[in-house]
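Proteins come first, then strands; the chains are lettered A, B, ... in the order of their sequence lines, and each starts at number 1.
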There are 2 protein chains.
Amino acid sequence: MQAIERFAQYLSKHGLKMTRERRALIDHVLSVRGHFDVDDLLGRLRKAGHGVSRATLYRNLPRLVDSGLIHKVEMARGQARYELMLGRHHHDHMICLGCGTILEFESPEVERIQEVVCRRKKFVMTGHSHQIRGYCESCASVGSSPGSAGRRR
Amino acid sequence: MQAIERFAQYLSKHGLKMTRERRALIDHVLSVRGHFDVDDLLGRLRKAGHGVSRATLYRNLPRLVDSGLIHKVEMARGQARYELMLGRHHHDHMICLGCGTILEFESPEVERIQEVVCRRKKFVMTGHSHQIRGYCESCASVGSSPGSAGRRR
DNA sequence: CGCTAGTTGCAACAGAGTCTCAATTATGAT
DNA sequence: ATCATAATTGAGACTCTGTTGCAACTAGCG
């Protein structure tokens, strides 16, 4: 949708500029479905002939996150992925240790419990991350013999 | 406690050896209260005159985790911390973005909900991580002016 | 005691992300 | 439309965590 305008608005509100690179970045982010990481994105941009540097990507992704367009998902140890949030609901993730698949789940109850916990400790929550690790249906059924499931990454 | 014996047992069960370094490591891990990271530990060991190398630390912490003596807490991007689990209950963390304090919380309800969610998606859970980010009581009350709260790290 | 597999330290390496700096450019003011 | 200025960019050096190869060392079984 008018994601670009929305981002433009965010930028001007923060005294930032709408550059060619940022435009390309949004374009491509919008066209990905599912989760992606920095290298995915970099590859796409390059392939499309938009030579956005790694530094620029790293500098701008936090802006996209901040503007609410995308969401960052921290996987284990330095494995950050992003996903489009355009009009989506907040949700958390299950990560398959076998094949890397990411499943999503929503849980209003957990959100509610978090609020209660925070109130009890007088903690002002600004965000959370909640991941469940394990094996997806197909990886689990391949058998519990370790290493027999799909190659990881 | 007989933490050392417990670890020794774990080691022999896995064909591993109880070395001087591992003994020193456990000693020091047991003496820390609260959360610690690799450099904390390294510093303590050095100060105590036990020259354990960084590599050895990195090689052995996973063993301690695996044996159930300690627990690893993944903070944002390459900020791993550990905590003693000796006879403690599972719990999750609230991390103050102002001063870095870590508060703990337990929530059997969340655990239960996770199980339900997993069953629904036929996902075999092996673990989870659940962090709440925000500001602790004192940092929150310092005012929302950014940067005014305690130094981080 | 002696063997052998496990262990250690060192230093080189690897991956992810940040920073510096000179050159470029979007944008508000004129 | 032109200018002035602050933001932005790319390239590469750098940092921070953590890992790995290798030769020397050592725990622990027999």
Taken to the nearest whole Å, CD/A:Glu21 to C1'/D:dG10 is 9 Å
Given C:dT20, D:dA6, D:dG28, the nucleotide with the shortest approach to the side chain of A:Arg59
C:dT20
Pick the nucleotide of DNA chain D nearest each of B:Pro62 and B:Leu16; which residue has the one closer to the 5' end?
B:Pro62
Quick check on the 6.0 Å ring-centre criterion: do A:His130 and A:His90 meet it?
no
Nearest-Å distance, CG (B:Leu42) to P (D:dG18)?
12 Å
Of the candidates C:dG6, D:dG12, D:dT9, the side chain of A:Asn60 sits closest to D:dT9
Out of D:dG18, D:dT17, C:dT8, whichever nucleotide has its closest atom nearest the side chain of B:Gln79:
D:dT17
In this structure, how many angstroms lie between the C1' atom of C:dG28 and the CG atom of A:Leu11, rounded?
16 Å
Using only atom types and a distance under 3.5 Å, with no angle test, would you say the side chain of B:Asp66 pairs donor to acceptor with the backbone of B:Pro62?
no
Donor-acceptor pair between A:Gln131 and A:His93 side chains, under 3.5 angstrom
no
What nucleotide among C:dC10, D:dT26, D:dT17 has an atom nearest to a side-chain atom of B:Arg20?
D:dT26
Under the side-chain hydrogen bond (donor to acceptor under 3.5 Å, both in side chains) rule, what do A:His128 and A:Asp92 come out as? Steps first, then yes or no, please.
CA-CA 9 Å; A:His128 78 212; A:Asp92 292 295; 3.1 Å; yes
Nearest to the side chain of B:Thr56 - C:dG9, C:dA5, D:dT17?
C:dG9
Gap between atoms OH and P, on B:Tyr58 and C:dG9 respectively (whole Å):
15 Å
Pair B:Glu104 + B:Arg88: basic N to acidic O under 4.0 Å:
yes
When the distance from NZ of B:Lys17 to P of C:dC3 is rounded to whole Å, what number comes out?
15 Å
Testing D:dT17, C:dG9, C:dT18 for proximity to the side chain of B:Asp39, the answer is D:dT17
Rounded to the nearest angstrom, tell me the gap between atom CG in B:Leu41 and atom P in D:dG18.
12 Å
Once you round it to whole Å, what is the distance between P of C:dT27 and CD of A:Gln9?
14 Å
Spacing between B:Arg54 atom CZ and C:dA12 atom P, to the nearest angstrom
15 Å
By nearest-heavy-atom nucleotide on DNA chain D, the more 5' of A:Thr19 and B:Glu74 is A:Thr19
